[in-house]
Amino acid sequence: MNGEFVAWEDAKVHVLTHGLHYGTGVFEGIRAYDTQLGTAIFRHREHIERLFKSAELYYMPIPFGAEELRLATHELITRNGLQACYIRPIVFRGYGQMGLFPLEAPVDVAIAVWEWGAYLGEEGKRTGIRAKVSSWRRISPDSLLPASKASGQYLNSVLAKIETHKAGYEEAILLDDQGHVCEGSGENIFIVREGRIFTPPQTASILDGITRRSAMAIAADLGHEVVERDIGRAELYLADEVFLVGTAAELVPVREIDDHAIGTGAPGPVTVAIQAAYEDALHGRNPRYHDWLDVVQVPSRAA
Ligand code: PPE
């Protein structure tokens with residue numbers, strides 16, 4: 001926290017922390033894997049870069065450099081003796097100033113690591129999940145900044161998640177303010193139809209997902225055409241395959257949406273192939289994607 005290593009139980013903030021009241025924080029979700037090259041953080045630099053962009057969009061100067069945050073994360077993982085973990089950097093307006101004008105409040109930075117299993121369940125990754133289109137629309141770009149991974153914006157995802165959970169589904173799919181398919185509550189979405197892969201464009205209020213970019217690169221490498229274009233709700237039901245991608249979720253097939261079976265109701269061949277190649281990339285099993293891995297260096301300290 002703010003440049004110091006702090007024990008888990010001491011990593012606390014004041015109840016008048018600005019970000020707690022007004023959602024003035026931005027964060028990242030990153031994963032490190034036990035790979036053939038050692039513990040490695042997947043697309044670490046891209047995640048840190050997005051953190052800086054998210055912060056900038058909310059006028060929050062981060063009082064550390066990208067490289068400092070990267071190396072602090074290495075040291076944090078090493079000190080905790082973790083081989084694989086989830087990494088949560090958060091930058092937030094801290095304690096010191098209440099009221100909506102935040103520019104006088106300090107900008108605090110913390111990074112936490114912990115072991116986090118399959119976000120939508122191991123079985124979900126294998127056999128697919130059941131999703132529901134939420135009645136809540138994804139935040140519109142004229143009210144907030146969908147491209148920023150900002151804490152307060154997640155109230156939108158939380159409402160969608162609660163609604164679908166109460167209705168008995170595993171994940172929510174949100175439409176954007178135009179009624180086009182946008183994304184899952186914490187994942188980007190892809191559909192496969194007649195051999196082509198489609199995913200909503202940046203203009204559909206999506207988060208510019210790093211797993212999305214990885215899946216697009218992998219799909220292209222596997223010889224698939226990936227088209228970014230608006231997707232209508234019914235296209236979800238008519239798709240041969242649908243899958244969700246995100247750091248926490250990784251790649252999860254969707255087997256049912258709004259009680260319509262997708263394709264055969266089991267993960268399709270394109271999904272399975274991209275998922276396998278993605279797992280290989282995450283675990284360093286394909287040299288083609290080694291550039292995506294930031295191998296954790298044990299910090300060399302004089303003492
Ligand atoms: N959309 C949203 C809204 C989102 O939160 C995520 C990540 C993505 C897309 C995929 O982005 P990327 O991880 O860069 O591929 N969601 C993070 C938070 C999950 C949470 O519950 O917390 C994550 O996956 O870490």
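- Ring geometry for Y86 against W114 counts as tilted: the plane angle lies between 30° and 60°, on a 0 to 90° scale.
- A heavy-atom distance below 4.5 Å is not found between the side chains of V245 and E187.
- For the pair D208 and R50, the salt-bridge criterion is not met [side-chain N within less than 4.0 Å of a carboxylate O].
- Within a 6.0 Å radius of CH2 in W136, other residues, nucleotides and ligands contribute 12 heavy atoms or fewer.
- Between L144 atom CG and I139 atom CD1 the span is 5.0 Å, to the nearest 0.5 Å.
- Around CD of E123, the count of heavy atoms belonging to other residues, nucleotides or ligands within 6.0 Å does not exceed 12.
- In the model, E28 has a side-chain atom that pairs as donor or acceptor with a side-chain atom of H47 under 3.5 Å.
- Separation of the Y154 and F27 ring centroids falls under the 6.0 Å cut-off.
- With respect to the salt-bridge test (charged N to carboxylate O, under 4.0 angstrom), the residues R79 and E75 qualify.
- E163 and S134 share a side-chain donor-acceptor pair at under 3.5 Å.
- Remark: side-chain polar atoms of S185 are not paired, donor with acceptor, to backbone N or O of A160 under 3.5 angstrom.
- When atom types are taken as modelled, the side chain of R138 and the backbone of S205 share a donor-acceptor pair closer than 3.5 angstrom.
- Between the side chains of Q83 and T39, not a single donor N or O lies within less than 3.5 Å of an accepting N or O.
- For the pair Q275 (side chain) and V272 (backbone), a donor-acceptor distance under 3.5 Å is absent.
- Using a distance-only test at 3.5 Å, with no hydrogens or angles considered, no donor-acceptor pair links the side chain of E241 to the main chain of G263.
- Residues Y119 and I129 fall within the same hydrophobic cluster, defined by Ile, Leu, Val, Met, Phe, Trp and Tyr side chains chained together at heavy-atom separations under 4.5 Å.
- Within a 6.0 Å sphere centred on NE2 of H21, other residues, nucleotides and ligands contribute more than 12 heavy atoms.
- No donor-acceptor pair closer than 3.5 Å links the side chain of N2 to the backbone N or O of D108.
- A salt bridge between K53 and E49 is present, with a side-chain N of the basic residue lying under 4.0 Å from a carboxylate O of the acidic one.
- Remark: R130 qualifies as a cation-pi partner of Y169 under the 6.0 Å distance and 45° angle criteria applied to the six-membered ring.
- Atom CD1 of I77 sits about 11.5 Å away from atom CD of Q297, to the nearest 0.5 Å.
- Atoms CZ and OH, from F101 and Y22 in turn, are 13.0 Å apart once rounded to the nearest 0.5 Å.
- For H18 and T24, the side-chain atoms include at least one donor-acceptor pair closer than 3.5 Å.
- Geometric assessment of R193 against the ring of F198 yields a negative cation-pi assignment under the 6.0 Å and 45° thresholds.
- Side-chain atoms of H290 come within 3.5 Å of backbone N or O of G284 as a donor-acceptor pair.
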Practice prompt. Apply the test salt bridge (Lys or Arg N to Asp or Glu O under 4.0 Å) to residues E228 and R212: give CA-CA distance (whole Å), side-chain angles for both, the deciding distance (0.1 Å), then the verdict.
Written response: CA-CA 11 Å; E228 289 177 80; R212 173 181 181 272; 2.7 Å; yes

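- Panel note: side chain T17, backbone L20; no donor-acceptor pair is recorded below 3.5 Å.
- In the model, Y237 has a side-chain atom that pairs as donor or acceptor with a side-chain atom of R233 under 3.5 Å.
- A donor-acceptor contact closer than 3.5 angstrom links the side chains of D221 and Y289.
- Under the 3.5 Å distance criterion, the side-chain polar atoms of S54 are left unmatched by any main-chain donor or acceptor of S148.
- No side-chain heavy atom of P253 sits less than 4.5 Å from a side-chain heavy atom of V242.
- At least one side-chain heavy atom of L174 sits less than 4.5 Å from a side-chain heavy atom of N156.
- Atom CD in E171 sits 9.5 Å away from atom CD1 in I189 (nearest 0.5 Å).
- Between T73 and I41 there is a side-chain heavy-atom pair separated by less than 4.5 Å.
- Although no hydrogens or angles enter the test, the distance criterion places a donor-acceptor pair under 3.5 Å between the side chain of D258 and the main chain of V133.
- Residues R43 and S214 have side chains that bring a donor and an acceptor to within less than 3.5 angstrom of each other.
- Remark: side-chain polar atoms of N80 are not paired, donor with acceptor, to backbone N or O of L82 under 3.5 angstrom.
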